[in-house]
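These notes are about the structure you will find just below.
Every chain is numbered from 1 and lettered A, B, ... according to where its sequence line falls, protein lines coming before strand lines. Please read all numbers here as calculations on a predicted model, not as lab measurements.
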Amino acid sequence: MRGHEVCYLKSLIRDVYPFFKEVFASLGLEEELWSNLLGPATIEGHSDIALPCHSLSSSLRKSPVDISEHIVSLFSDDILNIAKVSSKNGFVNVSATSSWIEEQISYIFADDRLGVKIDDSRTFAVDYSAPNVAKEMHVGHLRSTVIGDSIVRLLLFKGHTVYRENHIGDWGTPFGMLIEHLLDLGEDKAAKELGVGDLDSFYKQARSKFNSSADFASRSRNRVVLLQGGDKETLRLWKILVSESMRYFNDVYSILGVLLKDSDIKGESSYHDLLPIVIDRLTKTNILVNSNGADVVFPTKKWLNREGGEMPAIIRKKDGGYNYSATDLACIIDRIERLNCTDLVYVVGTPQKQHFEMIFDIALMAGFMSDKHNATHVNFGSVLNQNGKILKSREGNTIKLVDLLSESVSRAEAVIIDKNPNLSPDERSKVAKMIGIGAVKYADLSTERSKDYIFDWDKMLSLEGNTAPYLQYAHARICSIFSKSDIPPSSLSNPIFIIIDKEEELLAKRLLLFSNIIEDTIINYSPHRLCNYLHSLASSFASFYENCPVLKNEDEKIIKSRLALCDLTSRTLKLGLELLGIDSPEKM
RNA sequence: GGGCGUGUAGCAUAGCUCGGAUAAUGCACUGGCCUCCUAAGCCAGGGACCGCGGGUUCGAAUCCUGCCGCGCCCGCCA
């Protein structure tokens with residue numbers, strides 16, 4: 001098992017390794033036979049690291065239990081400075097001593113980065129959010145935006161160069177009808193409707209006219225031709241649609257507290273000039289094939305369509321129009337050749353998995369990317385309703401993202417009034433935003449992203465359990481301890497840690513895991529791992545807080561040690577939440 | 001038809017890359033704890049043939065394989 005508690009303490013393995021080496025040398029066992037067996041213990045409470053002896057049974061001709069007991073008896077006493085060694089069920093168990101933990105924790109404490117290393121810098125393009133112009137943002141967009149933003153924060157923290165790429169849907173056939181509808185309404189009125197965020201009704205009105213009026217439909221088709229032909233007046237009207245929608249999206253981004261800015265927008269339209277070049281280069285590498293009048297590529301990996309025929313990726317349609325495969329290939333060229341990216345990350349839903357596999361395959365075939373580049377589809381599951389059905393954006397009564405967010409904030413505010421009436425209205429409103437928005441983001445980030453998740457209003461806003469408010473509360477409690485004491489965190493340089501009680505030992509061990517968890521989270525692009533860790537940290541803090549008096553202690557040394565543990569915990573929670581894009585209020 | 005994903009206590013999830021001990025966490029449930037640093041909390045407890053069957057292994061929730069349920073993709077929409 002490799003839960004958050006377990007990928008613990010690489011340094012403990014490093015420190016005790018020489019002792020194992022000595023013991024196994026005396027048994028005459030080759031290093032290859034045992035060195036991979038030494039690893040994190042799988043059961044919390046038994047030990048920190050362990051070595052199962054079962055596979056040694058045949059070569060040593062003894063039972064695993066006998067072997068483990070024998071091994072324990074062979075260790076030199078010097079290991080006791082680092083760890084206690086014991087045996088159980090055929091495992092050799094190694095538990096770090098308090099003094100070893102104290103030393104490690106001092107090291108982390110002195111580090112602003114809490115032990116997290118800076119990587120060799122690479123250059124990433126992270127493609128996320130991608131709302132459609134003149135269409136409402138709904139809960140489905142939440143996932144891409146929130147997951148992508150957290151990944152960006154993590155990569156930046158690890159020292160990488162990151163381009164945020166907001167690939168908005170600002171081109172294509174629907175724009176004919178949208179522009180005609182804009183004209184029908186009058187520019188001013190339309191702009192206003194879009195700017196205040198009434199995108200849903202704008203789109204629906206246009207769609208319904210398109211379906212019911214032949215005249216409108218015909219005007220719309222003509223308008224698409226004008227748009228694609230670069231007609232100046234049409235482009236001017238198109239820009240109104242785009243900029244008014246962006247104004248609205250920026251409002252949502254600001255409420256959500258994500259990093260996306262106007263300069264991160266790279267809509268589909270901006271790759272226009274590259275599309276003929278894509279065709280040209282695919283032709284030159286001899287992989288573009290004409291099939292029924294369309295220009296297509298057959299990827300290396302074979303896919304079958306419904307009829308059982310080999311399935312190509314269509315790059316240019318029979319009518320000469322480019323489709324999204326062409327745009328995505330253009331993106332790859334742009335990101336690799338103009339931005340010099342080494343890593344391309346696409347935070348897009350799982351339904352597009354096959355599409356991305358094809359595109360990455362073709363990009364390699366055509367030489368747009370090489371082995372030196374990593375392209376990753378960071379896929380995520382759908383948002384389901386209570387009945388387990390997908391929340392549809394078109395016909396159903398979809399919850400607007402803004403409405404969801406504001407309700408979350410107002411519910412959070414109601415809880416604060418109830419729990420902490422002493423907070424001033426001004427503070428309360430600030431804190432309510434941090435909690436309400438944090439709760440929604442955390443609900444989305446804390447489940448394994450490739451799975452579907454059930455949108456549960458009550459659970460999302462519940463302030464109990466594995467939720468952002470629980471983590472924020474732990475942080476606020478620590479701030480409160482410091483405000484009650486006359487010892488500010490800044491005065492705690494070079495504290496001497498004294499780990500005595502089991503609750504403070506568990507807290508300390510979990511604090512030591514932080515850097516491992518960050519590595520794990522970013523390697524897998526899985527923010528939920530960080531979430532689970534922070535919850536386990538907050539939970540061990542709550543236990544510590546309940547059982548280990550900090551300020552109400554007689555021993556000055558213990559007060560200082562525990563205050564330092566508190567400070568380190570709050571810094572870890574705050575940094576961890578920050579990397580998820582969630583604020584940490586000092587009072588709540 | 002082809003492909004992909006998913007199935008773990010009443011509910012929601014983690015663990016599956018890279019196989020180890022009594023399967024972890026939260027909600028809900030039962031019982032305790034506020035003249036005491038924020039009870040938005042803590043402590044204790046009950047609750048699971050890890051979808052089903054085979055295989056590999058000293059050892060499988062984890063790897064392989066065959067089924068079953070659910071979902072998604074296979075559009076000259078993005």
Between rC36(B) and Lys552(A), is there an OP1 or OP2 to side-chain N/O distance shorter than 4.0 Å? no

Could you state the NE2-P distance from His475(A) to rG41(B), rounded to the nearest angstrom? 18 Å

For atom CZ of Arg207(A) and atom C1' of rC77(B), their distance in whole Å: 10 Å

Report the C-alpha separation of Leu563(A) and Ile559(A) in whole Å, then their side-chain angles, then the decisive distance to 0.1 Å, and conclude whether the side chain to side chain contact (heavy atoms under 4.5 Å, CB included) test is met. CA-CA 6 Å; Leu563(A) 274 174; Ile559(A) 292 177; 3.9 Å; yes

Select base, sugar-phosphate, or nothing to describe what His355(A) touches, counting heavy atoms under 4.0 Å on all strands. nothing

Students often get this wrong, so: under 4.0 angstrom with heavy atoms, is Leu551(A) touching a base, only sugar-phosphate, or nothing? base

So what does Cys548(A) hit on the nucleic acid, given a heavy-atom distance under 4.0 Å: a base, only sugar-phosphate, or nothing? base

If I take atom CE in residue Met588(A) and atom P in nucleotide rA40(B), what distance separates them, rounded to the nearest angstrom? 10 Å

Ring centers of His167(A), Tyr271(A) separated by less than 6.0 Å: yes

Any donor-acceptor pair under 3.5 Å from Ser561(A) side chain to Ile498(A) backbone: yes

Distance between the P atoms of rA21(B) and rU62(B), in whole angstroms? 13 Å

Just the rounded figure in Å: distance from P of rG75(B) to CE of Met358(A). 9 Å

Matching residue for Ile481(A) among Ile487(A), Asp567(A), Leu551(A) - test: side-chain contact (heavy atoms from CB on, under 4.5 Å): Leu551(A)

Could you list the protein-to-nucleotides 5-7 of chain B atom pairs, N/O on both sides, closer than 3.5 Å?
unit_1: rG7(B); atom_1: OP1; unit_2: Lys451(A); atom_2: NZ; d: 2.7

So what does Ala50(A) hit on the nucleic acid, given a heavy-atom distance under 4.0 Å: a base, only sugar-phosphate, or nothing? base

So with a 6.0 Å cut-off around NZ of Lys574(A), is the heavy-atom count from everything else above 12? no

Closest of rC27(B), rC73(B), rA21(B) to the Ala41(A) side chain is rA21(B)

Quick one: side chain to side chain donor-acceptor pair (under 3.5 Å) pairs with a partner in residues 414-423 of chain A, sequence neighbours left out? none

rU38(B) P sits how many Å from Asp418(A) CG, rounded? 18 Å

Can you find an N or O donor on one side and an acceptor on the other, under 3.5 Å apart, linking the side chain of Tyr324(A) with the base of rA78(B)? yes

Pairs satisfying salt bridge (charged side-chain N to carboxylate O under 4.0 Å, His left out), at least one member in residues 289-299 of chain A, at least two apart: Asp295(A)-Arg316(A)

Given rA21(B), rC74(B), rU38(B), which nucleotide is nearest the side-chain atoms of Lys484(A)? rU38(B)

Which is more 5' along RNA chain B, the nucleotide nearest Lys88(A) or the one nearest Asn420(A)? Just name the residue. Lys88(A)

Could you tell me whether His528(A) contacts a base, only the sugar-phosphate backbone, or nothing, with contacts defined as non-hydrogen atoms closer than 4.0 Å? sugar-phosphate

Does the side chain of Tyr453(A) pick up a donor-acceptor pair with the side chain of Asp444(A) at under 3.5 Å? yes

Using the P atom as the reference point in each nucleotide, state the distance between rU8(B) and rC49(B) in Å, no decimals. 11 Å

Counting the atoms with a prime plus P, OP1 and OP2 as sugar-phosphate, which does Pro351(A) contact under 4.0 Å by heavy atoms, base, sugar-phosphate, or nothing? sugar-phosphate

Is there a donor-acceptor pair under 3.5 Å between the side chain of Trp34(A) and the backbone N or O of Leu51(A)? no

Within residues 299-308 of chain A: residues closer than 4.0 Å to RNA chain B (heavy atoms): Trp303(A), Leu304(A), Asn305(A), Arg306(A)

Could you check whether any side-chain heavy atom of Ile315(A) comes within less than 4.5 Å of a side-chain heavy atom of Val296(A), counting everything from C-beta outward? no

Please classify the nucleic acid contact of Asn292(A) as base, sugar-phosphate, or nothing, using heavy-atom distances under 4.0 Å. base

Between His377(A) and Phe360(A), does the ring centre distance come in under 6.0 Å? no

Under 4.0 Å, counting only non-hydrogen atoms across every strand here, what does Thr447(A) touch: a base, just sugar-phosphate, or nothing? sugar-phosphate

Under 4.0 Å, heavy atoms only, any strand: does Asn93(A) hit a base, just the sugar-phosphate, or nothing? base

Would you kindly give the CG-to-C1' distance between Asp127(A) and rA78(B), to the nearest whole Å? 12 Å

Per-nt protein contacts along nucleotides 42-52 of chain B (heavy atom under 4.0 Å; B base, S backbone sugar-phosphate only, - none) come out as SS---------

Hey, does Glu268(A) reach any base, or is it just sugar-phosphate, or nothing, if we go heavy atoms under 4.0 Å? sugar-phosphate

Heavy-atom count around Asn305(A) CG within 6.0 Å, excluding the residue itself: above 12? yes

Should Lys135(A) be listed as having a side-chain N or O under 4.0 Å from OP1 or OP2 of rA78(B)? no

Tyr322(A) ring center near His272(A) ring center (under 6.0 Å): no

Distance check, P atoms only: rC64(B) and rG7(B), in whole angstrom units. 15 Å

If you check the Asn524(A) side chain, which of rC37(B), rU17(B), rA12(B) turns out closest? rU17(B)

What's the gap between rA28(B) and rA9(B) when it is taken at their C1' atoms, as a whole Å value? 12 Å

Within a radius of less than 6.0 Å around CD of Gln354(A), do more than 12 heavy atoms belonging to other residues, nucleotides or ligands occur? yes

So which one's nearest nucleotide on RNA chain B is more toward 5', Asp319(A) or Arg449(A)? Arg449(A)

What I want to check is whether the side chains of Asn379(A) and Ser450(A) have a donor and an acceptor closer together than 3.5 Å. no

Contact class for Ala476(A) vs. all strands (heavy atom < 4.0 Å): base, sugar-phosphate, or nothing? base

Rounding to the closest angstrom, what is the interatomic distance between rA12(B) and rU22(B) at atom P? 28 Å

Compute whether any side-chain donor of one residue and acceptor of the other, for Asp170(A) and Ser269(A), lie under 3.5 angstrom apart. yes

Using a 4.0 Å heavy-atom cut-off across all strands, classify Lys419(A) as base, sugar-phosphate, or nothing. base

Using atom CD1 of Ile435(A) as one end and atom P of rU38(B) as the other, report the distance to the nearest whole Å. 16 Å

Give the nucleotide from the list rU38(B), rG26(B), rC76(B) with an atom nearest to the side chain of Ile481(A). rU38(B)

Tell me the interatomic distance from His377(A), atom NE2, to rC72(B), atom P, rounded to whole angstroms. 17 Å

What distance, rounded to whole Å, do you find between the two C1' atoms, one in rA61(B) and one in rG75(B)? 39 Å

Applying a 3.5 angstrom cut-off to the pairing atoms, does RNA chain B sit in any stems of at least three consecutive Watson-Crick or G-U pairs? List them by first number. B:1-7 with B:68-74, B:10-13 with B:24-27, B:29-33 with B:41-45, B:51-55 with B:63-67

With a 3.5 Å cut-off and just heavy-atom distances, do the side chain of Asn532(A) and the base of rA24(B) make a donor-acceptor pair? no

So, the side chain of Asp127(A) versus the backbone of Val347(A): is there a donor-acceptor pair under 3.5 Å, distance only? no

